[in-house]
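Encoded as structure tokens, the structure appears first; notes follow it.
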Amino acid sequence: MRAWWRNSVGYEIYIRSFADSDGDGVGDLPGVLERLDYLAWLGVDVIWITPFYPSPMHDHGYDVADYRGVADVFGTLDDFDALVAKAHGLGMRALVDLVPNHTSSEHAWFQAARSSRDDPHRDFYIWRDPRADGGPPNNWRAQFGGSAWTLDEATGQYWLHLFLPEQPDLNWANPAVADAFDEILRFWLERGADGFRIDVAHSLVKHPDLLDNPPVEAAAVIADDGPEPPPPQLQRVYDIDQPGVLDVFRRWRGVVAPFDGLLLGEVYLLDADRVAPYVAGDGLHLSFWFKPLHIRWDPDEIQAALAGAASVGGDGLAWVQSSHDRPRAVSRYGGGQRGRERALAMAALQMFLPGVPFIYQGEELGLENGVVPDEFTADPQATRGAGESRDVARTPMPWAPSPGLGFTAAEQAWLPFGDRRPEDTVAVQRDDPQSMLHRFRRLIALRRSDEDLSGAGVEWLGDGGPVVAYRRGPLIVAANCGERSSGLHLPEGRWTVEFASLLDREGEAVGGELALAPREAVVLRG
């Protein structure tokens with residue numbers, strides 16, 4: 001039986017910024033529930049909701065203090081149950097964001113572990129004695145800057161944290177950790193969750209000897225694993241992407257199978273050959289492919305990022321061009337109308353590849369980065385000096401042209417509203433059949449309606465020019481990724497334009513040479 005997600009379209013909900021139901025300026029689960037009808041209208045099949053667990057919020061919920069609860073600011077377990085029930089009633093599935101690499105330092109496990117070297121929970125985390133000089137056990141660096149080790153003065157050992165010091169890494173070499181997570185997964189599956197998006201899925205297992213990471217050779221260029229690459233003096237050899245990590249996911253397959261659940265990994269590696277093993281057998285069902293978030297608008301780079309991954313990832317990839325961890329695609333592609341046309345063309349290219357395309361909230365509106373003055377910066381990556389702020393991709397969702405953008409009744413949201421225009425809002429675009437929103441809806445409808453794509457391979461077309469194109473089943477998808485008009489020689493036969501990103505060609509019959517304007521994408525049916 002074909003897995004339910006194989007012809008799906010996914011949608012990432014950054015919960016803090018999606019919809020606020022109670023007027024406190026922070027998005028919440030009831031707010032998501034109220035907007036599910038919109039997502040059903042858009043054509044979404046699967047929603048992934050970022051963490052809503054109890055948390056001190058040092059990393060906006062990715063520092064989990066209780067894996068079986070809901071933070072008061074986001075609602076209650078009853079709200080989660082109601083959300084899932086409505087999603088299922090609308091024909092959608094819901095994924096919980098699982099954070100298994102680390103907990104909050106305020107989690108009961110870590111509080112117990114820190115109390116004594118002899119505490120039963122001590123081995124839930126990775127502790128080591130100082131080096132002879134009193135320094136950290138090795139040279140690993142944290143994602144948010146500085147050493148990946150923090151000294152616990154009371155017990156005289158360092159704890160490992162690949163992210164914030166307030167996010168101690170779990171010890172997946174301890175069978176008790178695996179047992180505990182089996183029960184966490186079952187808890188959410190029994191409440192109706194349809195699977196999990198797994199945070200930093202490639203990082204759970206560390207080299208058992210905790211060896212120093214080697215230096216980067218002088219001529220090397222890092223394209224590494226995180227939303228922002230770490231300081232470029234070390235290769236990530238021993239702290240991520242270790243062989244034993246697949247054993248964790250093989251075990252979880254057995255946990256989710258009775259519930260027909262999905263395991264979707266955040267495998268933040270930018271080499272497709274390194275991502276492929278995660279989805280090649282009995283590990284993850286799907287892995288995000290993040291290379292498109294790190295390329296320029298260049299035909300050769302686009303071709304390489306898409307074709308290279310599709311050739312090794314099969315139907316195990318989740319395609320993205322935006323996320324809460326990177327600047328928005330429209331801004332990365334130059335901003336304004338040019339950026340929106342480029343982002344829509346990339347969406348068309350990704351929409352029909354094997355795997356599952358995911359949309360980040362607001363992408364369907366063609367949103368640029370929001371404007372966030374320095375004094376409102378909330379992202380720990382920026383506040384702790386480890387990189388550019390990701391807040392520009394996290395400003396509230398603009399639902400309607402009103403003082404609170406239809407996001408909140410509060411005078412001020414947790415982040416500034418981002419200087420959105422009326423034409424950026426759902427309400428205005430929904431009333432405009434020529435809008436970016438309706439173009440996305442048309443793409444999604446085409447993707448979902450075409451069962452002939454199931455199992456069909458990808459044949460790349462063209463001769464290396466500015467047009468990136470492929471044939472899959474009865475469709476040809478082509479985008480002019482250059483800034484001058486260009487053409488594509490079509491395979492024999494007559495083709496009909498099913499989708500045109502520049503709006504003026506749907507229903508046109510074409511054959512022979514297909515002419516494409518700059519930044520134009522089309523979907524043809526033969």
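On a predicted model such as this, the values are computed, not experimentally measured, just so you know.
One finds no salt bridge joining K86 and E34 here, because no Lys/Arg side-chain nitrogen approaches an Asp/Glu carboxylate oxygen to under 4.0 Å. With salt bridges taken as basic N to acidic carboxylate O contacts below 4.0 Å, none links R430 and D432. Checked for salt-bridge contact, R439 and E506 meet the test: a charged N lies under 4.0 Å from a carboxylate O. Under the 4.0 Å criterion applied to side-chain N and carboxylate O atoms, R384 and D379 are not assigned as salt-bridge partners.
The backbone N or O of L95 sits nowhere less than 3.5 Å from a side-chain atom of W188 that would complete a donor-acceptor pair. Within the 3.5 Å criterion, the main-chain N or O of V468 finds no donor-acceptor partner in the side chain of W460. A donor-acceptor pair under 3.5 Å is absent between the side-chain atoms of D59 and the main chain of Y62, judged by distance alone. Side chain of Q434 to main chain of L503: no donor-acceptor pair is present (N/O by atom type, distance under 3.5 Å, no hydrogens or angles). Here the side chain of R420 pairs no donor or acceptor atom with the backbone of P396 at under 3.5 angstrom. With D241 contributing its side chain and H202 its backbone, the two residues share no donor-acceptor pair below 3.5 Å.
When only modelled atom types and interatomic distance are considered, D463 and H489 share no side-chain donor-acceptor pair under 3.5 Å. Side chains of S486 and N480: a donor-acceptor N/O pair is absent below 3.5 angstrom, by distance only.
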### Task
Let me see the working for W495 and L514 under side chain to side chain contact (heavy atoms under 4.5 Å, CB included), right down to the final yes or no.
CA-CA 10 Å; W495 301 86; L514 172 69; over 6 Å; no
### Query
Going through the distances and angles, do F80 and F52 end up as a ring-ring contact (aromatic ring centres under 6.0 Å, His included)?
CA-CA 10 Å; F80 174 82; F52 46 76; 5.6 Å; yes
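Aromatic ring centres of H58 and F163: separated by at least 6.0 Å.
Between Y14 and H324, the ring-plane angle classifies as parallel under the 30° and 60° cut-offs.
Two residues are said to be in side-chain contact when any heavy atoms from C-beta on lie closer than 4.5 Å; D199 and N101 fail this criterion.
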